[in-house]
Student: 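Shown below is the structure under consideration.
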Protein chains: 2
Amino acid sequence: MLEGKVEVMSLRHAVLGLLADRPASGYDLMKLFDTSLANVWAATQSQVYGELGKLSDAGLVTVTAEGPRGRKEYAITEAGEAELRQWLTGTPPTPARRSDSLLRVFFLGRLTRLEAVTYLESEASRAAARRSALQELEGAVDWDEGPLSVYGRIVLEYGMRQSVMHEEWARWAAEQVGSADTP
Amino acid sequence: MLEGKVEVMSLRHAVLGLLADRPASGYDLMKLFDTSLANVWAATQSQVYGELGKLSDAGLVTVTAEGPRGRKEYAITEAGEAELRQWLTGTPPTPARRSDSLLRVFFLGRLTRLEAVTYLESEASRAAARRSALQELEGAVDWDEGPLSVYGRIVLEYGMRQSVMHEEWARWAAEQVGSADTP
DNA sequence: CGTTGACGTGTCAATGTTGGAAGGTAAAGT
DNA sequence: ACTTTACCTTCCAACATTGACACGTCAACG
């Protein structure tokens with residue numbers, strides 16, 4: 001019995017999505033991964049170049065120009081657009097299944113109460129710092145260009161709400177732990 | 001120049017953390033991964049048994065009993081406890097670097113406005129459903145036993161706040177998209 | 001002219017992860 | 001007695017991911 005694979009392969013779709021906006025080289029894409037997508041989907045150089053090769057083999061992208069230093073500019077094909085749409089509309093998102101931070105919290109009972117409170121408070125600080133960083137980013141970006149900017153801003157808003165929530169939760173948790181009955 | 005590796009290896013610490021509470025077999029651990037840790041850290045059978053082997057080789061756990069069907073019960077050793085503590089107190093948590101959901105949102109500009117709104121509203125529904133599930137879980141668990149329960153509840157609270165935030169954000173985003181100037 | 005820095009692509013080994021198959025034992029129900 | 005269900009471990013191929021390393025070019029500067 002043959003079954004079609006139910007792969008997620010989001011790296012593939014991240015590359016397709018970026019190329020759907022405009023053609024780019026692997027180098028260009030890396031810059032986008034390190035800036036626009038930094039808080040959404042991380043990728044390394046090896047992955048990006050590797051994925052471009054695979055996408056090219058699969059006919060989802062093509063080389064549209066070759067520049068000075070062996071630069072290859074890729075563009076999405078119709079098949080690629082179709083794949084991207086299919087992913088966006090037809091594939092259910094997979095919820096995050098792992099969290100380093102929460103795993104630690106789960107085991108905080110192995111530490112003394114003071115240590116646990118300290119940990120939770122540093123979580124709160126990290127969340128606050130993250131929020132500042134995002135706010136700074138918001139000021140630094142030109143929000144009036146490209147189709148990515150509309151949704152980019154919505155994604156940024158998520159990050160900000162997330163960090164606010166995270167900080168409040170961590171402070172609440174620290175209080176819970178600090179003021180319990182049994183030491 | 002030799003440098004110590006800066007590995008995260010949270011699966012290892014998830015296993016250690018569970019064994020720190022009480023000894024267990026690989027099978028027992030799997031059940032815990034599928035229940036207590038389901039929303040925090042997913043692991044497959046292969047991983048758990050493989051990790052137990054490595055931990056055993058490294059002296060962080062030992063076999064304390066052998067039961068009926070080749071069952072091996074593992075317990076954490078002092079070295080294991082030390083490693084767990086070190087991870088909890090001395091290793092900075094690594095923030096989540098990837099989100100399937102957010103990546104989609106980032107590329108929602110490839111769809112029509114209606115499709116985008118539909119997507120965002122289904123995100124809201126999913127978040128609401130998740131919240132219900134967590135609330136049900138809260139009712140089903142005995143919160144008065146073991147050192148895990150205190151922090152387990154705190155982790156659960158995180159999940160609930162997270163899903164509330166997620167739902168509100170998705171509804172807000174749908175509204176933003178639905179009521180913009182340019183169609 | 002020589003150096004530096006940004007541009008640009010490609011490959012590799014080690015490790016993590018997935019999903020399943022294979023192989024077997026004990027207990028409980030019929 | 002028989003069968004189902006739960007228990008329990010081990011192995012593996014395929015794929016994803018990381019973090020380097022290797023190679024080479026163009027432009028600008030002093």
Side-chain angles (χ1 to χ4, degrees), chain A residues 1-15 19 23-35 37-38 41-58 61 63-74 94-100 103, chain B residues 1-15 19 23-35 37-38 41-58 61 63-74 94-100 103:
Chain A
M1 233 195 291
L2 293 175
E3 297 285 339
K5 283 199 195 174
V6 194
E7 307 183 48
V8 186
M9 299 272 269
S10 296
L11 169 62
R12 159 160 305 193
H13 299 105
V15 171
L19 289 180
S25 67
Y27 193 82
D28 294 338
L29 290 177
M30 271 316 295
K31 279 188 294 191
L32 292 172
F33 272 102
D34 288 342
T35 56
L37 286 185
W41 199 272
T44 63
Q45 208 194 35
S46 328
Q47 272 182 294
V48 170
Y49 283 109
E51 197 59 46
L52 280 173
K54 288 184 217 163
L55 285 169
S56 186
D57 289 347
V61 305
V63 177
T64 51
E66 307 221 5
R69 301 148 249 231
R71 174 196 163 94
K72 278 184 274 186
E73 192 181 72
Y74 293 88
T94 60
R97 296 163 56 74
R98 289 177 180 180
S99 166
D100 195 11
L103 186 62
Chain B
M1 229 195 295
L2 293 176
E3 298 283 341
K5 283 198 193 175
V6 194
E7 307 183 47
V8 185
M9 299 272 269
S10 296
L11 169 62
R12 161 163 302 194
H13 299 104
V15 172
L19 289 180
S25 67
Y27 194 82
D28 293 337
L29 290 177
M30 271 315 295
K31 279 187 295 190
L32 292 171
F33 272 101
D34 289 342
T35 55
L37 286 184
W41 199 273
T44 63
Q45 210 192 34
S46 326
Q47 270 182 296
V48 170
Y49 282 108
E51 197 59 45
L52 280 172
K54 289 184 217 163
L55 285 169
S56 185
D57 289 348
V61 304
V63 178
T64 52
E66 308 220 3
R69 302 145 252 233
R71 170 189 222 264
K72 279 184 272 185
E73 192 182 72
Y74 293 88
T94 59
R97 297 165 56 75
R98 289 179 178 179
S99 166
D100 195 12
L103 184 64

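Per chain, numbering begins at 1; letters A, B, ... match sequence-line order.
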Student: Cut-off 3.5 Å, no hydrogens considered: what does the side-chain donor-acceptor table look like for residues 26-33 of chain A, sequence neighbours left out?
Tutor:
residue: A:D28; atom: OD2; partner: A:S25; partner atom: N; Å: 3.1
residue: A:D28; atom: OD2; partner: A:S25; partner atom: OG; Å: 3.2
residue: A:D28; atom: OD2; partner: A:R71; partner atom: NH1; Å: 3.3
residue: A:D28; atom: OD2; partner: A:R71; partner atom: NH2; Å: 2.9

Student: Measure the distance from OH on B:Y74 to C1' on D:dT10 and round it to the nearest whole Å.
Tutor: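 Atom OH in B:Y74 sits about 10 Å away from atom C1' in D:dT10.
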
Student: Kindly say if A:Y49 contacts the phosphate of C:dT9, meaning a side-chain N or O under 4.0 Å from OP1 or OP2.
Tutor: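 It does, given that an N or O in the side chain of A:Y49 lies less than 4.0 Å from OP1 or OP2 of C:dT9.
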
Student: Of the non-hydrogen atoms in B:A43 and A:R98, which two are nearest, and what is the gap between them?
Tutor: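 Minimum heavy-atom contact is CA-NH2, 4.1 Å.
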
Student: Pick the closest DNA chain D nucleotide for A:T44 and for B:G70 by heavy atoms, then say which residue is nearer the 5' end.
Tutor: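 That would be B:G70.
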
Student: Look at the side-chain N and O atoms of A:Q47 and state whether any lies under 4.0 Å from the OP1 or OP2 oxygen of D:dT18.
Tutor: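 A:Q47 to D:dT18 OP1/OP2: side-chain N or O found under 4.0 Å.
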
Student: If you compare every side-chain N and O of A:R71 against the phosphate oxygens of C:dG8 (OP1, OP2), does one of them come in below 4.0 Å?
Tutor: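 For C:dG8, OP1 or OP2 has a side-chain N or O of A:R71 closer than 4.0 Å.
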
Student: Please state how far atom CD in A:E66 lies from atom P in C:dG8, giving the value in whole angstrom units.
Tutor: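 My rounded result for the distance is 13 Å.
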
Student: Quick check on C:dA6: is either OP1 or OP2 less than 4.0 Å from any side-chain nitrogen or oxygen of A:K31?
Tutor: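 False: A:K31 side-chain N/O out of range (4.0 Å or more) of C:dA6 OP1/OP2.
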
Student: State the CH2-NE2 distance between B:W41 and B:H13, to the nearest 0.5 angstrom.
Tutor: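 NE2 of B:H13 is found 10.5 Å from CH2 of B:W41.
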
Student: Closest heavy-atom contact between B:S10 and A:L103?
Tutor: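 Shortest heavy-atom contact: O-CD2, 3.6 Å.
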
Student: Please state how far atom CG in B:D100 lies from atom C1' in D:dA16, giving the value in whole angstrom units.
Tutor: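 Checked: the CG to C1' distance equals 15 Å.
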
Student: Look up atom CG in B:L52 and atom CD in B:Q47, then write down how far apart they are to the nearest 0.5 Å.
Tutor: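 Going from CG on B:L52 over to CD on B:Q47, the span is 11.5 Å.
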
Student: Are any of A:Q45's side-chain N or O atoms less than 4.0 Å away from OP1 or OP2 of C:dG10?
Tutor: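 No, outside the criterion.
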
Student: A:S25 near the nucleic acid: base, sugar-phosphate alone, or nothing, with a heavy-atom cut-off under 4.0 Å?
Tutor: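 Counting heavy atoms under 4.0 Å across all strands, the contact made by A:S25 is with sugar-phosphate only.
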
Student: At under 4.0 Å between heavy atoms, what does B:R98 touch on the DNA or RNA strands: base, sugar-phosphate, or nothing?
Tutor: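 Result for B:R98 = sugar-phosphate.
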
Student: Can you tell me the distance, in whole Å, between the CZ atom of B:F33 and the C1' atom of C:dG19?
Tutor: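 In whole Å, C:dG19 C1' lies 17 Å from B:F33 CZ.
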
Student: When the C1' atoms of the five terminal pairs at each end define the local axes, what inter-axis angle does the helix from C:dC1-D:dG30 to C:dT30-D:dA1 show, to 10 degrees?
Tutor: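 The value is 10°.
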
Student: Starting at atom OH of B:Y27, determine the distance to atom C1' of C:dG24, rounded to an integer number of angstrom.
Tutor: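 Whole-Å distance recorded here is 14 Å.
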
Student: Rounded to whole angstroms, how far apart are CZ on A:R12 and P on D:dC15?
Tutor: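 Taking CZ of A:R12 and P of D:dC15, I get 12 Å after rounding.
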
Student: Rounded to the nearest angstrom, tell me the gap between atom CG in A:L32 and atom P in C:dC7.
Tutor: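 It works out to 13 Å between those atoms.
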
Student: Side chain of A:S46, base of C:dG10: donor and acceptor closer than 3.5 Å?
Tutor: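 Under the 3.5 Å cut-off, the side chain and the base do not form any donor-acceptor pair.
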
Student: Where is the tightest heavy-atom contact between B:A24 and B:L19, given as atom of each residue plus distance?
Tutor: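 Shortest heavy-atom separation between B:A24 and B:L19 comes out as N-CD2, 3.6 Å.
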
Student: Counting side-chain heavy atoms from CB outward, which of C:dT9, C:dT17, D:dT17 is closest to A:K72?
Tutor: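 Given the options C:dT9, C:dT17, D:dT17, the side chain of A:K72 is closest to C:dT9.
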
Student: Between C1' on D:dT17 and CD on A:E51, what's the gap in Å once rounded to a whole number?
Tutor: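 Rounding to the nearest Å, CD of A:E51 and C1' of D:dT17 are 12 Å apart.
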
